[in-house]
Amino acid sequence: MPELPEVETIVSDLCKKVVGREIIGFWSQTPRIFPKNQISKLKSQINGYQIAKIDRRGKNILFYLSQGSKINSQKLLLIHPKLTGRLLIGNHFLKNPKNYIRAIFYLDNKTALAFSDVRKFGKIIFGDKKKIESLPDLKNLGPDPLDKIFTVKKFKSLISPQKRKIKLVLLDQEVIAGIGNIYSDEALWIAKIHPFTPSNQLTNHQLTKLYNAIRKVLKTSLRLRGSSMRDFRDTSGRAGGYIKIRRVYDREGLPCFRCGTKIKRIKMNVRSAHFCPQCQRI
DNA sequence: CGATTCCCCTGATAGC
DNA sequence: TGCTATCAGGGGAATC
């Protein structure tokens with residue numbers, strides 16, 4: 001389940017491997033991951049575009065496409081991997097049905113950029129740069145937790161007016177972009193905060209600790225190229241290393257690394273929150 | 001505004 | 001062995 005460190009890992013791979021390449025063909029037979037009628041649009045319009053730049057906004061991967069120096073021809077390709085989406089580079093894996101290839105962008109160096117997605121929850125949107133940038137998917141996103149503008153002051157101003165449970169607020173992409181179920185649990189454990197604490201009841205000290213915990217856990221995971229619980233892979237199909245050093249996520253019944261108390265898992269809507277009932281109290 | 005529930009999808013896993 | 005029920009989860013929509 002790609003969150004910020006996993007998506008950033010994908011993007012840094014892509015920057016090395018496909019920036020500068022020209023797209024020379026497109027294939028897909030999975031309409032549900034695109035907006036209506038996008039497959040035929042992509043087939044007829046995307047050929048000849050060069051991948052000029054690749055970026056990330058929250059969990060969204062952005063491909064800036066250009067044709068020569070024509071500014072008005074600038075296009076944007078947005079890919080959101082959701083739960084099981086992967087971006088793979090190469091061509092040897094394309095024909096194997098076990099790779100669940102849902103879309104293929106053929107490149108000018110005899111290789112391809114393929115989108116794999118077992119569950120078909122992923123999203124691919126192609127269009128004019130301005131139009132894509134104004135979609136709620138991007139426009140409504142909160143700040144990126146690793147961005148310079150994401151100061152501790154900014155963080156406090158975003159969290160403290162909220163009445164919702166802190167775990168829910170951390171998962172809300174319109175508050176902060178990029179945190180998902182794994183890193184919200186990990187950060188709350190580090191900061192010793194119960195996931196159900198109402199956000200407006202967090203003390204100034206707790207908020208500072210949570211801010212530092214979020215940044216720390218994301219940077220640590222980034223260094224290890226993300227977490228692979230089940231599904232995440234980088235563009236070469238390799239798993240990330242963070243899960244081996246995780247603190248609470250998916251450790252129900254195992255001892256807390258600080259106090260030895262058994263880690264609990266509680267349902268929060270359809271998601272689950274993992275925490276130490278001893279260290280993390282409301 | 002906030003809380004809750006359901007839906008999308010399908011491989012993995014647990015229970016019988 | 002083989003069947004069936006349940007689960008995982010990002011995000012959006014619907015309802016109260």
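Owing to the predicted nature of the structure, the values given are computational and were not obtained by experimental measurement. Only this structure's heavy atoms are used, side chains among them; waters, hydrogens and symmetry mates stay out.
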Path from A/Ile89 to A/Val11 over hydrophobic side-chain contacts below 4.5 Å: yes
Nearest whole Å is fine: how far is [N] [atom2] from [X] [atom1]?
{"X": "A/Lys267", "N": "B/dA3", "atom1": "NZ", "atom2": "P", "answer": "19 Å"}
{"X": "A/Ile182", "N": "C/dG9", "atom1": "CD1", "atom2": "P", "answer": "8 Å"}
{"X": "A/Asp137", "N": "C/dG10", "atom1": "CG", "atom2": "P", "answer": "16 Å"}
{"X": "A/Ile33", "N": "C/dG10", "atom1": "CD1", "atom2": "P", "answer": "19 Å"}
{"X": "A/Lys163", "N": "B/dC1", "atom1": "NZ", "atom2": "P", "answer": "10 Å"}
{"X": "A/Met268", "N": "B/dT5", "atom1": "CE", "atom2": "C1'", "answer": "14 Å"}
{"X": "A/Glu252", "N": "C/dC7", "atom1": "CD", "atom2": "P", "answer": "12 Å"}

Please check the phosphate of [N] (OP1 and OP2 only) for any side-chain N or O of [X] closer than 4.0 Å.
{"X": "A/His80", "N": "C/dG10", "answer": "no"}
{"X": "A/Lys82", "N": "C/dG12", "answer": "no"}
{"X": "A/Lys167", "N": "B/dA3", "answer": "no"}
{"X": "A/Gln173", "N": "C/dG11", "answer": "yes"}

Residue met sooner reading DNA chain B from 5', once A/Pro161 and A/Tyr100 are mapped to nucleotides: A/Pro161
Among C/dG10, B/dA3, B/dT4, the one nearest A/Glu3 by side-chain distance: C/dG10
How many angstroms lie between atom [atom1] of [X] and atom [atom2] of [Y], to the nearest 0.5 angstrom?
{"X": "A/Arg57", "Y": "A/Leu4", "atom1": "CZ", "atom2": "CG", "result": "10.5 Å"}
{"X": "A/Ile125", "Y": "A/Gln38", "atom1": "CD1", "atom2": "CD", "result": "7.5 Å"}
{"X": "A/Thr111", "Y": "A/Tyr106", "atom1": "OG1", "atom2": "OH", "result": "11.0 Å"}

SB check A/Lys75 A/Asp128 (cutoff 4.0 Å): yes
Electrostatic pair A/Asp137-A/Lys123, nearest N-O below 4.0 angstrom: no
Please write out the pairs of protein N or O atoms and N or O atoms of nucleotides 7-9 of chain B separated by less than 3.5 Å, giving the distance to one decimal.
unit_1, atom_1, unit_2, atom_2, d
B/dC8, O3', A/Arg32, NH1, 3.4
B/dC8, O3', A/Arg32, NH2, 3.0
B/dC9, OP1, A/Arg32, NE, 3.4
B/dC9, OP1, A/Arg32, NH1, 2.1
B/dC9, OP1, A/Arg32, NH2, 3.4
B/dC9, O4', A/Arg119, O, 3.4

Touch class at under 4.0 angstrom, heavy-atom based, for A/Lys98 against every strand present: nothing
A/Asp147, A/Asp144, A/Asp13 screened by salt bridge (charged side-chain N to carboxylate O under 4.0 Å, His left out) with A/Arg56, the one that passes: A/Asp144
